[in-house]
Structures are given as structure tokens and as C-alpha cells.
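Each remark here refers to the structure printed beneath this line.
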Amino acid sequence: MEVLNSAQQSIVSHQRGPALVIAGAGSGKTRVITYRVAELIRSGIDPSTIMLLTFTNKAAKEMANRVAKATGQEKIANAMIHGTFHSVANRFLRRHAKLLLYENNFSILDSSDSRDLLKAAVAESIGKPGKNFPKSAVLQNMFSLAFNQNCDALTLQQTEYLERHFELEFLIEQEYPHFYPLIPEILTIHKSYRHKKRRNNALDFDDLLENWLDLLLKKQKSLPWVEQIQFILVDEYQDTNKVQACILDQLAQAHQNLMVVGDDAQSIYSWRGANFKNILDFPVRYNAMVYRLEQNYRSTPDILALANSSINQNKEQFQKELYSLLPNLEKPTLYRIYDLESEAEIVVRRILELKDQNLSLNEMSVLYRNHVQSATLQVALTQRGIPYIVRSGVQFFEQAHMKDIVSFLKIVFNPLDEIAWMRVLKLMPGIGNTTAQKIFHVFLEQKAVRLTLDNSELQKKIPKKARVAWDQLLQCFKRLLEEETTPAQMISIVYQTIYRDYLLVSYENAMQREADITYLEEFAGKYKSLERLLNELSLVGTTVIKDYEAEQFKEDECLTLTTIHQAKGLEWNAVFVIGLTEGQFPHQRCLEPQERLEEERRLFYVAMTRARHYLTLTAPMVSSSFGANTFSSRSRFIEECPQALMSCVTSSDIDEMPYSSYKARLTF
């Protein structure tokens, strides 16, 4: 136990009864959980009576193996009940499914299976949906979010969840207002989908939790496994939803030996159903002992001072003050700059400066609130030949909706671009690969692209269900070919006349993708020539290193670009947090109510506490998310922190900064 500090030791030695561990960022919570379980086993507790729940199977397996190593008993890992909520729910239901009138050999639907079954439910309940009806992926996300945000013990006890549609109606009204007129049809599909799952003896991921809770509420006396569980430990408790909290309430009802570990300051997943109140209310609900882990083993004191000053602005939280015994290197640096191009230039320069100090690209990361905020930087990195990987999804300009829009422009530039035509044609109802190939083959035979109505060979290939969409496509291309139409105007024309309707029904995050397209339009505004724009876009995302920089980077070196949500749980020596503009971060949609704004501040806190030694913040004045480039104030998150905690650099200072050896590599 000599490896534990005094706060960690007190948690490991906790006796019986409920306990909440507030584990600050980088405070060694995994070690504490591991030693807590090991201590229970050393004290004579049967490993089979211990349940350890985490949010990834990898984390659960790693902790179980650490316990086995700490106790010197290899078989302990198998004896313990450990895994994610969903994996343990599956094991539980395999034993007792018949109590809920399922067979024990039920199937588990993955995301793809669920979408296929939803398509069948749509066909069975409403027939052929209209053009503007949500696709199965959108319905899937809608149903899951409504369940995770609202289903709890009360909803299951009072009435059958199958008939309770109020939560789904409310969600559509708030998050999917463009589908509000379709609520009756969507509710019918929801009912049909649930009926088909039961008929097929199949459960999706949400059903695993719902049925586990249902069993605990209605059949607990018939469940010997529940009596077997005497000690429960839960990691990342701040990320639990209502259903998971209710499951824990039922499992711990008899013995109350529930220890939950988490950090309220890192609760950032309400958008996928996590309930911040679970951790905030836990001490009162359980009359629990509260422990705090405040010594940080990751970041320097200067970084923690800035992070503490920010998160302390929140009203709803457990008060804590992270501290570190590590030596300081330099204060966090804030760049107050003009626009996104300046921001990208500063980040590139700073990366190369750190590289000159022998810091590998693998030890650096750029974090942002939204994927769109990395677009300009991706262009700059490509131009400098700096290799990078995007953890938050595919590279910005490689996203499906980006490539769809650009395909229209490629056709204007090169009417016989087959790949572009395939993307555009398959956007229309009734046209798949085969029909698209037949249409393009007409163009090849005629050695021209004649879209006029008198092209009888072409007209024969257009399916009836695609006629309306085809006419819209013709009108769109007519407008694109007008004289003096700029690339930016072309993007606007494509989006408004063709793509917007498709986007809204095809993607569950349509509003976010719409912001991406707005940025694409603004990016294109820098180019009068369509050829220059297309050439630039074709180069973005390549990681080819120019000859004069080849010796600077090793073969396996790669800068990480990621959203802050994806970065949680990770750390780097040098972290850049970009896009600190009001309306971007905090996001415009999260300024009210107060609870949303406070979650945004927690997100900023998570971003800063990813950094070990170097933290760079950039705050542009010009934003590019809500219409054309507009002036904005810099993020309140940096304005509310004492400037003495940062080294502040303004736009006027930047050109005078000495760049030592890397300056030459930035002048082309």
C-alpha cells in the first residue's frame, strides 16, 4: 500500500456502506479501484460476490487483471462479476429471460441489425415513406435518446413503456422540430419496432438495460444472483443515465455496499443520455461517505491553476482544488488572434517550435468543440506537410456530406467525372449503383453530358420515383452553370435546391452537418477559380511530407486532432485548445439554460486537463459557424480566468515573435 497517498489509502480501507469517490482528473482512480477490490479480497470477501462496472469492456478487463496481479491470484479475474452495464445485463438476462417471456437464446441486435429491423417496421406500419421521412439511422438515434434520457423505475412501474410515447414526442419537438408533423407515423413505427423485436426474440442495446431493470423491479425475489452480489464498484459514475442509476439502486438495496467513482467536473455526455444529477445527488440519496482525490499526477501546477479557476465558476458541483507536485515548465499560453487562418498559422508554428525542442508529434494533440473547427487547420497542416490523424471521425473534407456537395462542383468542372456522378445520382430516390451506372454509360456513349429533356436515351434510364428529384437536379445544374457564379455561390445553390432535404432525413446530427456545409461555403469564398478550390480540397488530408521537412518527422510520428468529447480519458505532453470564440465554445445552443452552460465549462475543463506540460489556447475574433464570417467576442471561458495565470499574446505581438530555426520552414 506504500504506492498510495493518504487520500487513496482511506478509500481503499473504506468499510461497509455507500461511498462516493470524487476522483479529479489524473488523480489515479484506476489504481484506487484496483486496490479497493484487492483489499476486499484480502479481507476474506468472496470474489464472486464483487461486481465491478465500467463503461468499456477493455477497462473492466484491465482492472480485473490488475486485481489478480495485486492479490497474486490469477483466477480472481474470472471469479469477479465485471464488465460494462450492457455486458453484465446480457449475462443476467441469459439466466432469467423467461421471467420476462423471452427465450434465453435471444439475439442481440447491433446497430446495423437495428436499422434493418427499423426499415422492416417502417414498411410494415406505414408502407412507403415519403421523401422527407427520416431514414432508419435517424429513427434509431431518436428512439435510443428518448429511452436513455427518460426511462426510469417510475416509467416501468406505472405503465408499459411500449405505450408511453410522451418522452419521444417531447424529444422530437425539442431536437428534431423538422419532423414534428410526422409524430403520429413515428410513434406507430416505434410501437411496431418494439413488437417486432419481441416477436423475433431479439433485444437491442437499450433493451438489455430496460429488461434488466424490469426484472429487478418485478421479479427480484426470483433472482438468486442478486443476493449473491454484496459489493458493487462503479467507474465513471458521472456518465450513468437514469436507467443505470436505477439498476444500481435495486442491486444495492439490501446491503448498501455501493462505491461509485467519478468526477462531476468531467460530466460531459448529457447529449447521449448521461444524467449529471446521478452523481450530484448521490451523497443525499444514499447518505454516503464522500471521499476526494485532488492530487493530480498528470499536469503541472500552472495548468491545474488555470483549470481550477475555470471550473470554480460553476455553481452546481462538488468543490475541490486539484494540485500537483510536478515541476512547472511554462504557463499556459493564450493567443488572442483575428481569424481562423491566423489561428492555424499559430498552431503550426507552435507545433514546429515544440518539435525543435525534441517533442514528438505523437505527444501533441489539438482539441476542439466541434469537428468543423479543425477544417482550416487541416488545410494548413497539409500545406506544411505535417502528418496528422483525426480521432474524432474522418478528416473534415472527407466526410460524406462534404464529398456529396463537392461532387456537384466536380461535375461542373469535369462533366465526365464518373465518381462524382455516382455520388450525385445515388442521392436520388430509386437510383442505386446499377441505375447510376446505366445513366453514366449514356454520357459515355454520347461523349457528352446532355441533361436536356430531348435526350431520349437518358430519359429512359430515369426511374419514375426519381422524376421529381431529377427535374430538381436539372434546375440545380442550370443555376450552377450561370456565368460569374462563384464556387461559394455554387455550394449555396446545391445545398438550398437539392441537398438540405436529403441531409435532414439522412443524418441524426443534421444540424451539425449543416454547420459544416456553411463552413465549406465560407472556405470556398477565398477562391474565385473553381479549379483552384478543387485542387486545394484534393490535397487536404494527405500526409505526404515535403522533401525539405522529411527529416523533421519520423515515420510513425503523427499529430492527433480530436474533439474534446473523444479526448476524455487521454493525455498528451502538449495540448492545443482551439476555437475559443463565444458561440463556438461555449456553443451557441448551450448558452441557456444554466445547466447547459455549466456542462460546456466542464468540457473546457476536460480539455485543459488533458495536457501534461504545455497548454496552448487560441481565441479568434472571427467565427465561421453562424452565417458568413462575423465578429464575435472571445469565449467567456478565457475572459473569466485571471490573466495572471496565462501568458497572453495578442495579434499585434505575433509577427514580432522570434521563431528561431523553424521560421525558415514557414516561408514559402
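For clarity, every value in this text was computed on a predicted model and none was experimentally measured.
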Heavy-atom side-chain proximity of Ser310 to Arg601 below 4.5 angstrom: yes

When you look at Arg612 and Glu571, which way does the salt bridge (charged side-chain N to carboxylate O under 4.0 Å, His left out) test go after all the steps? CA-CA 7 Å; Arg612 297 191 193 106; Glu571 57 187 72; 2.9 Å; yes

I'd like to know if the side chain of Asn328 and the backbone of Asp302 have a donor-acceptor N/O pair within less than 3.5 Å. yes

Glu398 vs Gln378 side-chain heavy atoms within contact, under 4.5 Å: no

Cationic N near anionic O, under 4.0 Å, Glu345 to Arg349: yes

Check whether any side-chain N or O of Glu236 sits under 3.5 Å from a backbone N or O of Phe55 as a donor-acceptor pair, and report yes or no. no

Could you grab the distance from atom OG of Ser87 to atom CZ of Phe205, nearest 0.5 Å is fine? 10.5 Å

In this structure, CH2 of Trp572 is separated from CG of Leu615 (nearest 0.5 Å) by 12.5 Å

Okay, side chain of Gln317, backbone of Ala265: is any donor-acceptor separation there less than 3.5 Å? no

Using a cut-off of 6.0 Å, state whether more than 12 heavy atoms not belonging to Glu592 lie near its atom CD. no

Without swapping roles, check the side chain of Ser10 against the backbone of Ala7 for a donor-acceptor pair under 3.5 Å. yes

Between Tyr519 and Asn370: side-chain donor-acceptor atoms closer than 3.5 Å: no

Val261 and Ala23: which non-hydrogen atoms are nearest, and at how many Å? CG1-CB, 4.0 Å

Rounded at 0.5 Å granularity, tell me how far CD in Glu363 sits from CG in Leu354. 11.5 Å

Between Arg610 (side chain) and Val606 (backbone), is there a donor-acceptor pair under 3.5 Å? yes

Residues at least two apart in sequence or cross-chain that pass side-chain contact (heavy atoms from CB on, under 4.5 Å) with Pro593, listed by chain then number, are Glu595, Arg596

For the pair Glu582 and Arg636, find out whether any cationic side-chain nitrogen is under 4.0 Å from an anionic carboxylate oxygen. yes

Calculate, to the nearest 0.5 Å, the distance between atoms SG and CG belonging to Cys558 and Asn362 respectively. 7.0 Å

I'd like to check Glu175 versus Met142 (side-chain heavy atoms, cut-off strictly below 4.5 Å). Are they in contact? no

Closest non-hydrogen atom pair, Leu326 against Ser299: CD1-O, 3.5 Å

Quickly, which of His565, Gln584, Glu600 forms a side-chain hydrogen bond (donor to acceptor under 3.5 Å, both in side chains) with Arg369? Name it, please. Glu600

Answer yes or no on whether Arg602 is positioned over the face of Phe276, meaning its NZ or CZ is under 6.0 Å from the six-membered ring centre and within 45° of the axis. yes

Donor-acceptor contact present, side-chain Asn278 to main-chain Asn241, <3.5 Å: yes

Report yes if some heavy atom in the side chain of Ile279 is under 4.5 Å from a heavy atom in the side chain of Val260; otherwise report no. no

Grab the two heavy atoms, one from Lys315 and one from Glu598, that are nearest each other, plus how far apart they are. N-OE2, 2.7 Å

Do Glu321 and Asn312 meet the criterion of a side-chain donor-acceptor pair at a distance under 3.5 Å? yes

Mind telling me whether His178 and Tyr176 have parallel, tilted or perpendicular rings, with 30° and 60° as the class edges? tilted

Drop me the distance from Ile491's CD1 to Glu521's CD, to the nearest 0.5 angstrom. 6.5 Å

Output all residues satisfying side-chain contact (heavy atoms from CB on, under 4.5 Å) with Ala344, sequence neighbours left out; order by chain, then residue number. Thr376, Leu377, Ala380

Nearest heavy-atom neighbours spanning Gly273 and Leu145: N-CD1, 4.1 Å

Please lay out, stage by stage, how Met511 and Leu504 fare under the test side chain to side chain contact (heavy atoms under 4.5 Å, CB included). CA-CA 8 Å; Met511 297 299 101; Leu504 292 177; 3.3 Å; yes

Phe637 vs Val577 side-chain heavy atoms within contact, under 4.5 Å: no

Is there a side chain to side chain contact (heavy atoms under 4.5 Å, CB included) between Phe576 and Thr618 once you walk through the steps? CA-CA 8 Å; Phe576 299 80; Thr618 58; 5.8 Å; no

Do Ile351 and Leu381 touch side chain to side chain, with heavy atoms closer than 4.5 Å? yes

Would you say Gln643's side chain and Cys648's backbone share a donor-acceptor pair under 3.5 angstrom? no

Are any of the side-chain heavy atoms of Ser27 and Leu322 separated by less than 4.5 Å? no

Is it true that Asp404 and Arg513 make a salt bridge, defined as a side-chain N closer than 4.0 Å to a carboxylate O? no

Pair Asp263 + Lys29: basic N to acidic O under 4.0 Å: no

Check this for me: does any side-chain nitrogen of one of Glu353 and Arg350 sit under 4.0 Å from a carboxylate oxygen of the other? yes

How long is the straight-line distance from OH of Tyr237 back to CG of Asn275, given to the nearest 0.5 Å? 9.0 Å

Do you see a donor-acceptor pair shorter than 3.5 Å between the side chains of Tyr335 and Glu343? no

In terms of ring plane angle, is the pair Phe397 and Phe523 parallel, tilted or perpendicular, where the classes change at 30° and 60°? tilted

Shortest non-hydrogen pair, His86 vs Gln244, comes out as CE1-NE2, 4.4 Å

Under the side chain to side chain contact (heavy atoms under 4.5 Å, CB included) criterion, do Cys641 and Ser309 qualify, and how do the steps go? CA-CA 6 Å; Cys641 291; Ser309 71; 3.5 Å; yes

Mind running side chain to side chain contact (heavy atoms under 4.5 Å, CB included) on Leu258 and Phe282 for me, showing each step along the way? CA-CA 11 Å; Leu258 173 62; Phe282 188 88; 3.7 Å; yes

Please check if the side chain of Asn296 supplies one atom and the backbone of Arg298 the other of a donor-acceptor pair under 3.5 Å. yes

Measure from the side-chain N and O atoms of Ser635 to the backbone N and O of Phe585, and report whether any donor-acceptor pair falls under 3.5 Å. yes

Minimum side-chain heavy-atom gap Val366-Thr560 below 4.5 Å: no

Can you name the residues that form a side-chain contact (heavy atoms from CB on, under 4.5 Å) with Lys61, not counting sequence neighbours? Asn65

Minimum heavy-atom separation for Thr562 and Ser365, please, with both atom names. CG2-OG, 3.8 Å

Report the C-alpha separation of Asp339 and Ser342 in whole Å, then their side-chain angles, then the decisive distance to 0.1 Å, and conclude whether the side chain to side chain donor-acceptor pair (under 3.5 Å) test is met. CA-CA 5 Å; Asp339 59 10; Ser342 301; 2.9 Å; yes

Indicate yes or no for a side-chain donor-acceptor contact from Thr609 to the backbone of Tyr605 under 3.5 Å, with no hydrogens or angles considered. yes

Are a donor atom and an acceptor atom from the side chains of Asp264 and Ser267 found within less than 3.5 Å of each other? no

